[in-house]
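Data first, discussion second: the structure below is written as structure tokens.
Computed from heavy atoms alone, side chains included, the values below leave out hydrogens, waters and symmetry copies. Just follow the structure's listing: the first ligand is 1, and inside any ligand the first atom is 1. Bear in mind that the values here come from a model prediction, so they are computed numbers and not experimental data.
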Amino acid sequence: MINKTRKRIWLVIGASRDGIGAAIAKAAVKQGDRVIITGAETSPLSMPDGVETYHQLDVCNTVEISALAKQFSKIDVLVNCAAISRRDNEDDIDIFRHVIDINLIGNFDVIKTFEPAIIGAKGTVINIASMYSFFGSPKVPAYGASKAGIHQLTKSMALKYAPKGVRVNAIAPGFVVTEQTQKGRDDQEHYKAVIDRTPFSRWGNPDDIAGPAMFLASDQAAFITGQTIIVDGGYSIG
Ligand code: NAP
């Protein structure tokens, strides 16, 4: 149950650009919660109004994660948004490894290291999966493998933390207009193929993902754990 005696604390990992993490951070601020964000760069592209603090955090750096975790005794909502893709370059073994390191192992390390604060708040974790958790793509084999891993990890973490009163879910967005998808959107064939396959005939925007995140973090989702909720304008149903 949500603690009503104090403001809830959100930690959104990977919210330094105007992407999905930032949209989630803004929505959490709007509903009156305290929000802290992180990114890989020294400073965020823009700091959403009302966000308390920005921390530079490389999710591949266990020491940095531990140092940040020491600053929190309670986290009510942990959102794992940090990820990269290297479209058309992920056949290179070093790049493949790097993508898995950030998108899967890094996010796992964050959950593990913040475990005391999340359990302390009887909080909840929201991971970000992808259409590529379910579909293959020769252009992003590492990204797809990492996101399939997130889908699976969400179930394992949900089982692990359920006895502690902690829910773990994921959102699998469809194709969303953010900096991360710029290269894909520059490929006109891909850009149009997404629109043609999506029943709502458009790419998503980051705010499309924020609402489901607010729901998953709320008491209305109290009986939902281990699920990957697809938010794709119907892309995956056709
Ligand atoms: P984005 O704005 O580029 O967000 C990615 C975030 O990850 C940035 O804040 C980035 O920080 C951070 N990051 C990258 N490498 C990191 C590292 N080593 N350590 C810590 N943080 C790191 O892209 P987005 O599209 O909103 O993506 C957000 C999430 O949604 C990702 O998990 C992505 O895979 C997922 N997703 C996106 C789409 C889509 O269509 N856009 C679809 C499905 C899933 P810096 O900016 O500081 O580098």
Is it the case that more than 12 heavy atoms not belonging to Phe200 sit under 6.0 Å from its CZ atom? no
Does ligand 1 come near enough to Pro173 that some N or O of the ligand is less than 3.5 Å from an N or O of the residue? no
Taking only Lys NZ, Arg NE, NH1 and NH2, and the carboxylate oxygens of Asp or Glu, determine whether Asp187 and Lys192 approach each other closer than 4.0 Å. no
Donor-acceptor contact present, side-chain Trp203 to main-chain Tyr191, <3.5 Å: yes
So does Val29 get a backbone contact from the side chain of Asp33, meaning a donor-acceptor N/O pair under 3.5 Å? no
Nearest protein heavy atom to atom 15 (N) of ligand 1, by residue and atom, and its distance? Ile84 CG2, 3.6 Å
Roughly how far apart are Ile65 CD1 and Lys112 NZ, rounded to 0.5 Å? 12.0 Å
Can an N or O of Glu41 be found at a distance shorter than 3.5 Å from an N or O of ligand 1? yes
Judged by non-hydrogen atoms, does Lys147 sit under 4.0 Å from ligand 1? yes
Spacing of CG belonging to Asp58 relative to CD belonging to Glu41, to within rounding of 0.5 Å: 10.0 Å
Identity and distance of the protein heavy atom lying nearest atom 23 (O) of ligand 1: Gln180 CB, 3.4 Å
Can you list the ligand 1 atoms lying under 4.0 Å from a non-hydrogen atom of Gly19? 2 (O), 26 (O)
Evaluate Tyr54 for polar contact with ligand 1, using N/O atom pairs at a separation under 3.5 Å. no
Counting only nitrogen or oxygen atoms and a 3.5 angstrom limit, does Thr181 reach ligand 1? no
Do the side chain of Arg197 and the main chain of Tyr235 share a donor and acceptor less than 3.5 angstrom apart? yes
Decide whether the shortest distance between a heavy atom of Gly174 and an atom of ligand 1 is less than 4.0 Å. yes
For atom 18 (N) of ligand 1, which protein heavy atom lies nearest, and how many Å away is it? Asp58 OD1, 3.0 Å
Examine the proximity of ligand 1 to Val176 and report which part, side chain or backbone, both or neither, has a heavy atom under 4.0 Å away. both
Does the side chain of Glu64 come within less than 4.5 Å of Thr113's, by heavy atoms? no
Could you grab the distance from atom CG of Asn127 to atom CG of Asn80, nearest 0.5 Å is fine? 5.0 Å
Distance-only donor-acceptor check, side chains Thr228 and His151, under 3.5 Å: yes
Close N or O approach (Tyr143, ligand 1; < 3.5 Å): yes
Which of the numbered atoms in ligand 1 are under 4.0 angstrom from any heavy atom belonging to Leu57? 19 (N), 20 (C), 21 (N)
Applying a 4.0 Å heavy-atom criterion (strictly less than), which segment of Val59 is in contact with ligand 1: side chain, backbone, both, or neither? both
Return the closest protein heavy atom for atom 11 (O) of ligand 1 as residue, atom name and distance. Ser16 OG, 3.0 Å
Considering only the protein, which heavy-atom contact is closest to atom 4 (O) of ligand 1, and what is its distance? Gly14 O, 4.1 Å
No-hydrogen, no-angle side-chain donor-acceptor test under 3.5 Å, Ser46 and Asp18: yes
Would you say CD of Gln220 has more than 12 non-hydrogen atoms from neighbouring residues, nucleotides or ligands within 6.0 angstrom? no
Shortest protein heavy-atom distance from atom 26 (O) of ligand 1, along with the residue and atom involved: Ile20 N, 2.7 Å
Would you check whether Asp18 has a nitrogen or oxygen atom less than 3.5 angstrom from a nitrogen or oxygen atom of ligand 1? no
Enter the distance from Ile111:CD1 to Ile118:CD1 here, rounded to the nearest 0.5 Å. 7.0 Å
From CG (Asp109) to CG (Asn61), nearest 0.5 Å: 9.0 Å
For ligand 1 and Gly39, I'd like to know whether there is a polar contact (N/O to N/O, distance under 3.5 Å). no
Shortest protein contact, atom 44 (C) of ligand 1 (heavy atom only): Ala129 O, 3.1 Å
Run the contact test for Trp203 against ligand 1 with a 4.0 Å cut-off on heavy atoms, strictly below, and give the result. no
Phe175: numbered ligand 1 atoms lying under 4.0 Å from its heavy atoms: 40 (O)
Can you name the atoms of ligand 1, numbered from 1 with element, that are less than 4.0 Å from a heavy atom of Ala83? 5 (C), 7 (O), 14 (C), 31 (C), 32 (O), 33 (C), 34 (O)
Heavy-atom distances under 4.0 Å decide this one: backbone, side chain, both or neither, for Ala15 against ligand 1? backbone
Closest to atom 2 (O) of ligand 1 among protein heavy atoms sits Arg17 CB, 3.5 Å
Non-hydrogen side-chain atoms of Pro48 and Ile37 separated by less than 4.5 Å: yes
